[in-house]
Amino acid sequence: MKPIVAKCGYRCDLCTAYEANLKSEGDKRRMSEALAKYYECDVPPEQVRPCKGCRDAKEPSDENCQVYPCVRERGIENCGHCPDFGCDKLKTRMDVVEQCLAKHPDVPEEDYNLFFRPYLSRAILMEIRKSL
C-alpha cells in the first residue's frame with residue numbers, strides 16, 4: 001500500500017483507527033486501551049470510530065486540529081511543503097506523540113508500531129521536505 005500521509009504528516013495507512021485498519025470490536029477495544037495507557041486519553045471502545053484521514057477531506061476528523069485549516073488555507077498538500085515548517089500548530093501534533101513515547105521508553109515493539117510509529121510525523125515531513 002502506498003503511504004497515506006495526513007496534512008500533519010501522520011501516516012494514516014499505518015494508523016489503527018484508519019478505516020481500512022479498524023475492522024472489529026477487538027480493534028476498537030485495543031485502540032481504546034492504548035489511548036488510555038499511552039496518551040492518557042479516555043475514549044471508550046464504542047466511541048472509537050473509523051477515520052477516513054484528512055488528506056482529501058472537506059473537514060478534519062479531529063475538530064481540535066489546528067493543522068488542517070492552516071494547510072487548507074495555504075493550499076499545500078501537508079506541512080512538509082510549508083515555508084513555516086515546525087510552527088506551533090504543527091508542534092501540537094508532533095510534540096504530544098514524542099512526549100508520550102518519552103514517558104514510555106519500554107513500550108513493546110508491537111505497540112510501538114501500532115500506536116506510535118504512525119504518528120511520528122517529524123521524520124515523515126522531513127523526508128518530504130528533502131524531496132522538494
Side-chain angles (χ1 to χ4, degrees):
M1 174 188 268
K2 184 179 178 194
I4 300 171
V5 179
K7 297 190 181 318
C8 65
Y10 287 0
R11 284 280 308 273
C12 298
D13 57 304
L14 300 178
C15 177
T16 305
Y18 188 61
E19 65 183 349
N21 301 332
L22 191 66
K23 299 181 191 284
S24 69
E25 294 304 312
D27 292 341
K28 291 180 181 182
R29 185 181 63 256
R30 188 157 188 212
M31 183 68 176
S32 173
E33 290 169 356
L35 288 171
K37 179 177 182 179
Y38 298 122
Y39 294 93
E40 299 173 5
C41 182
D42 184 28
V43 180
E46 60 273 9
Q47 290 181 8
V48 174
R49 304 273 186 257
C51 180
K52 295 180 185 212
C54 68
R55 187 168 71 176
D56 299 320
K58 295 191 187 320
E59 56 187 54
S61 56
D62 175 359
E63 61 191 39
N64 297 314
C65 181
Q66 297 177 32
V67 170
Y68 178 90
C70 181
V71 169
R72 291 273 310 224
E73 182 180 297
R74 290 174 180 255
I76 56 179
E77 186 175 337
N78 58 50
C79 292
H81 297 264
C82 186
D84 296 326
F85 177 77
C87 72
D88 289 341
K89 291 174 188 171
L90 178 58
K91 285 181 183 178
T92 64
R93 297 306 240 197
M94 289 191 302
D95 291 352
V96 70
V97 176
E98 292 171 0
Q99 289 167 1
C100 288
L101 187 57
K103 288 180 187 176
H104 301 280
D106 297 326
V107 64
E109 183 176 358
E110 182 179 5
D111 281 5
Y112 173 85
N113 287 328
L114 290 171
F115 305 115
F116 289 99
R117 185 172 168 237
Y119 317 113
L120 294 172
S121 60
R122 190 179 315 271
I124 294 162
L125 293 171
M126 290 303 293
E127 285 299 316
I128 290 168
R129 292 184 66 74
K130 285 181 192 175
S131 71
L132 298 177

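All of these numbers come straight from a predicted model, not from anything done at the bench.
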**Request:** Starting at CG of Asp42, measure out to OG of Ser32 and round the result to the nearest 0.5 Å.
**Result:** 7.0 Å
**Asked** How many angstroms lie between CD in Glu98 and CZ in Phe116, if you round to the nearest 0.5 Å?
**Response** 11.5 Å
**Asked** Mind checking whether Tyr18 and Arg11 have side chains closer than 4.5 Å, heavy atoms only?
**Response** no
**Item:** Step-by-step side chain to side chain contact (heavy atoms under 4.5 Å, CB included) determination, Cys79 to Val71
**Value:** CA-CA 7 Å; Cys79 292; Val71 169; 3.8 Å; yes
**Prompt:** Do Asp27 and Asn21 have side-chain heavy atoms sitting under 4.5 Å apart?
**Reply:** no
**Request:** Mark yes or no for whether Tyr68, through its side chain, and Glu63, through its backbone, hold a donor-acceptor pair below 3.5 Å.
**Result:** no
**Prompt:** For the side chain of Arg129 and the backbone of Gly80, is there at least one donor-acceptor N/O pair under 3.5 Å apart?
**Reply:** yes
**Prompt:** Does Lys7 use its side chain to pair, donor to acceptor, with the backbone of Asn78 at less than 3.5 Å?
**Reply:** no
**Item:** Asp13 to Ile4 - nearest heavy-atom pair and separation
**Value:** OD1-N, 2.9 Å
**Asked** After noting the C-alpha distance and the side-chain angles of His81 and Arg74, does the key distance pass the side chain to side chain contact (heavy atoms under 4.5 Å, CB included) rule?
**Response** CA-CA 10 Å; His81 297 264; Arg74 290 174 180 255; over 6 Å; no
**Prompt:** Tell me, do Thr16 and Arg30 make a side-chain contact under 4.5 Å, heavy atoms counted?
**Reply:** no
**Message:** Evaluate Asp62 against Arg93 for side chain to side chain contact (heavy atoms under 4.5 Å, CB included), listing each step before the verdict.
**Reply:** CA-CA 11 Å; Asp62 175 359; Arg93 297 306 240 197; 2.8 Å; yes
**Test item: Tyr39 side-chain N/O and Phe115 main-chain N/O as donor-acceptor pair under 3.5 Å** = yes
**Asked** Is Ser121 close to Tyr10 at the side-chain level, that is, under 4.5 Å between some pair of heavy atoms?
**Response** yes
**Asked** Salt bridge check: are Glu25 and Lys28 linked by an N-O gap of less than 4.0 Å?
**Response** yes
**Item:** Within-4.5 Å side-chain heavy-atom neighbours: Asp95 and Arg122
**Value:** yes
**Interatomic spacing from SG in Cys65 to NZ in Lys89 - rounded to 0.5 Å** = 10.5 Å
**Cys15 vs Tyr119, side chain to side chain contact (heavy atoms under 4.5 Å, CB included): CA-CA, chis, key distance, verdict** = CA-CA 8 Å; Cys15 177; Tyr119 317 113; 2.9 Å; yes
**Message:** Return the CG to CD distance between Asp111 and Glu109, rounded to the nearest 0.5 Å.
**Reply:** 10.5 Å
